[in-house]
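What follows is a short report on a single structure.
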Amino acid sequence: MSRTVESEPRVSAPVLAAYSYCETVTGQQARNFAYGIRLLPTPKRRAMSALYAFSRRVDDIGDGSLAPEVKQARLDDTRALLTRVRDGGVAEDDTDPVAVALSHAAGHFPIPLGGLDELIDGVLMDVRGETYETWEDLKGYCRCVAGAIGRLSLGVFGTEPGALNAERAPEYADTLGLALQLTNILRDVREDALEGRTYLPADDLAKFGCAEGFARTEPPAGSDFAGLVHFEVRRARALFAEGYRLLPMLDRRSGACVAAMAGIYRRLLDRIEREPEAVLRGRVSLPGREKAYVAVRGLSGLDARSVSRGTVRRRT
């Protein structure tokens with residue numbers, strides 16, 4: 001995949017308004033994501049906002065309080081809209097700003113829109129209340145809801161001409177998505193439990209005495225909750241190490257975007273590792289100043305250079 005063009009012809013007023021809507025949605029609902037994409041040139045930032053807004057719509061259907069059959073119907077409608085986008089059937093004056101923005105973005109970047117079908121498939125797993133016996137099972141879910149987003153994003157970023165092993169870029173983007181999703185799962189373990197959802201593999205829960213779940217603010221009696229968290233943290237770190245191989249393949253600003261988003265989640269992982277039980281008391285997050293530092297570090301290219309030298313390490 002070659003690097004995409006940084007500029008574009010003049011954008012019409014309806015399309016600009018559609019992108020503005022998507023950027024507002026992104027800024028309001030995706031603080032970590034927004035920190036990263038603000039480092040991109042305008043065309044790429046707009047395209048990433050369109051991808052986020054569509055993905056948010058899919059996630060909101062899955063997370064809402066509607067009956068499962070209603071969620072299924074709405075997801076079917078959303079898939080039909082995606083088909084219209086793919087087929088070029090969305091006009092600039094369409095009343096759906098997300099569809100307008102996504103259609104425009106897909107016309108200017110080689111975005112593999114099938115990844116959004118995968119996202120819908122993953123959310124349908126949530127609607128059905130699926131659980132996961134093994135890491136391989138959970139990995140399939142994570143590839144749908146996060147690995148696919150990595151590959152979609154790569155369609156916007158592109159790779160640098162002549163980048164070594166660029167043919168593996170989609171694989172690394174997918175793996176980085178898995179790393180972010182597993183971090184999310186650890187961060188949200190109690191919030192998910194209160195909504196009746198369990199994502200961590202059943203065999204891991206059993207191994208560490210946590211099979212009864214996390215509906216309380218303390219670990220299950222007699223469990224090794226810290227051991228479970230540390231086990232999953234090591235798994236996530238291995239995914240980050242593999243996924244970070246993507247960074248040297250990207251141009252400076254795209255690499256900065258990826259490094260900023262991934263860096264925020266790596267630091268979340270560090271905090272979770274230091275105090276595992278904190279995830280049972282509330283959502284672990286980073287202060288704004290620390291996110292800003294991670295963004296500056298990404299823009300400097302430090303992480304990309306570290307990957308090239310094989311020296312990326314945990315940062316605390």
Which distance, rounded to the nearest 0.5 Å, do you find between the [atom1] of [X] and the [atom2] of [Y]?
| X | Y | atom1 | atom2 | result |
| --- | --- | --- | --- | --- |
| Thr78 | Leu116 | OG1 | CG | 10.5 Å |
| Leu239 | Cys142 | CG | SG | 8.5 Å |
| Thr183 | Leu268 | OG1 | CG | 7.5 Å |
| Ser49 | Arg38 | OG | CZ | 11.0 Å |
| Arg56 | Asp59 | CZ | CG | 5.0 Å |
| Cys144 | Leu119 | SG | CG | 8.5 Å |

Give me the atom names and distance for the closest heavy-atom approach of [X] to [Y].
| X | Y | answer |
| --- | --- | --- |
| Pro97 | Ala18 | O-CB, 3.2 Å |
| Cys257 | Leu40 | CB-CD2, 3.7 Å |
| Asp174 | Ala148 | OD2-N, 4.3 Å |
| Asn165 | Met249 | O-CE, 3.2 Å |
| Tyr199 | Tyr132 | O-CD1, 3.7 Å |
| Leu39 | Arg253 | O-NE, 3.1 Å |

Can you confirm whether [X] sits close enough to [Y] that some side-chain heavy atom of one is under 4.5 Å from a side-chain heavy atom of the other?
| X | Y | value |
| --- | --- | --- |
| Tyr172 | Leu176 | no |
| Tyr265 | Leu269 | no |
| Leu228 | Leu205 | yes |
| Leu102 | Leu113 | yes |
| Leu138 | Ile185 | yes |
| Asp270 | Arg237 | yes |
| Asp204 | Arg235 | yes |
| Leu250 | Leu154 | yes |

For the side chain of [X] and the backbone of [Y], is there at least one donor-acceptor N/O pair under 3.5 Å apart?
| X | Y | value |
| --- | --- | --- |
| Thr26 | Cys22 | yes |
| Ser20 | Leu16 | no |
| Tyr19 | Val98 | no |
| Arg283 | Arg187 | no |
| Asp137 | Thr134 | yes |

**Request:** Decide salt bridge (Lys or Arg N to Asp or Glu O under 4.0 Å) for Lys71 and Asp63; before the verdict, give the C-alpha distance in whole Å, the side-chain angles of both, and the deciding distance to 0.1 Å.
**Result:** CA-CA 9 Å; Lys71 291 183 178 183; Asp63 291 339; over 6 Å; no
In terms of hydrophobic clustering (I, L, V, M, F, W, Y; side-chain heavy atoms under 4.5 Å; direct or indirect links), are [X] and [Y] co-clustered?
| X | Y | result |
| --- | --- | --- |
| Leu280 | Leu194 | no |
| Val70 | Leu124 | no |
| Leu182 | Phe231 | yes |

**Message:** Here's a test for you: under salt bridge (charged side-chain N to carboxylate O under 4.0 Å, His left out), which of Arg151, Arg143, Arg79 qualifies with Glu118?
**Reply:** Arg151
**Request:** Tell me whether the centres of the aromatic rings in Phe214 and Phe225 are closer together than 6.0 Å.
**Result:** yes
**Prompt:** Taking the six-membered ring of Tyr244, is NZ or CZ of Arg266 closer than 6.0 Å to its centre and within 45° of its axis?
**Reply:**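 Yes.
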**Message:** Is the positively charged end of Lys44 above the ring of Phe157, judged by distance under 6.0 angstrom from the centroid and angle within 45° of the axis?
**Reply:**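 Relative to the ring axis of Phe157, which defines the angle, Lys44 lies outside at least one limit.
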**Fill in**
Paired with Pro201, the side chain to side chain contact (heavy atoms under 4.5 Å, CB included) test is passed by just one of Lys139, Glu232, Glu136, namely Glu232
**Prompt:** In terms of side-chain geometry, is the basic nitrogen of Asp188 or Arg197 positioned less than 4.0 Å from the acidic oxygen of its partner?
**Reply:**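 No.
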**Prompt:** Is the shortest side-chain N to carboxylate O distance from Glu171 to Arg245 below 4.0 Å?
**Reply:** no
**Message:** More than 12 heavy atoms of other residues, nucleotides or ligands under 6.0 Å from CZ of Arg74: yes or no?
**Reply:**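 Check fails, neighbour count at 12 or below.
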**Message:** Under the criterion salt bridge (Lys or Arg N to Asp or Glu O under 4.0 Å), I'd like the reasoning laid out for Arg281 against Glu275: C-alpha separation, chi angles, the key distance, then a yes or no.
**Reply:** CA-CA 11 Å; Arg281 298 191 295 269; Glu275 193 179 357; 2.4 Å; yes
**Asked** Passes salt bridge (Lys or Arg N to Asp or Glu O under 4.0 Å), Asp96 versus Arg57? Steps please.
**Response** CA-CA 12 Å; Asp96 187 333; Arg57 178 178 297 180; 2.8 Å; yes
**Message:** As a quick check of understanding, evaluate side chain to side chain contact (heavy atoms under 4.5 Å, CB included) for Val145 and Met125, giving each step before the final call.
**Reply:** CA-CA 10 Å; Val145 299; Met125 295 180 198; over 6 Å; no
**Message:** If you apply the rule salt bridge (Lys or Arg N to Asp or Glu O under 4.0 Å), what do you find for Arg86 with Asp117, and how did you get there?
**Reply:** CA-CA 11 Å; Arg86 186 184 291 112; Asp117 278 304; 2.5 Å; yes
**Prompt:** Does the side chain to side chain contact (heavy atoms under 4.5 Å, CB included) test come out yes or no for Leu180 and Phe240, once each step is laid out?
**Reply:** CA-CA 8 Å; Leu180 269 60; Phe240 273 115; 3.5 Å; yes
**Prompt:** Are Ile149 and Leu152 close enough, and set up right, to give a side chain to side chain contact (heavy atoms under 4.5 Å, CB included), and what steps lead you there?
**Reply:** CA-CA 5 Å; Ile149 301 302; Leu152 286 158; 4.0 Å; yes
**Asked** Using a distance-only test with no angle check, is there a side-chain donor-acceptor pair under 3.5 angstrom linking Glu242 and Thr175?
**Response** no
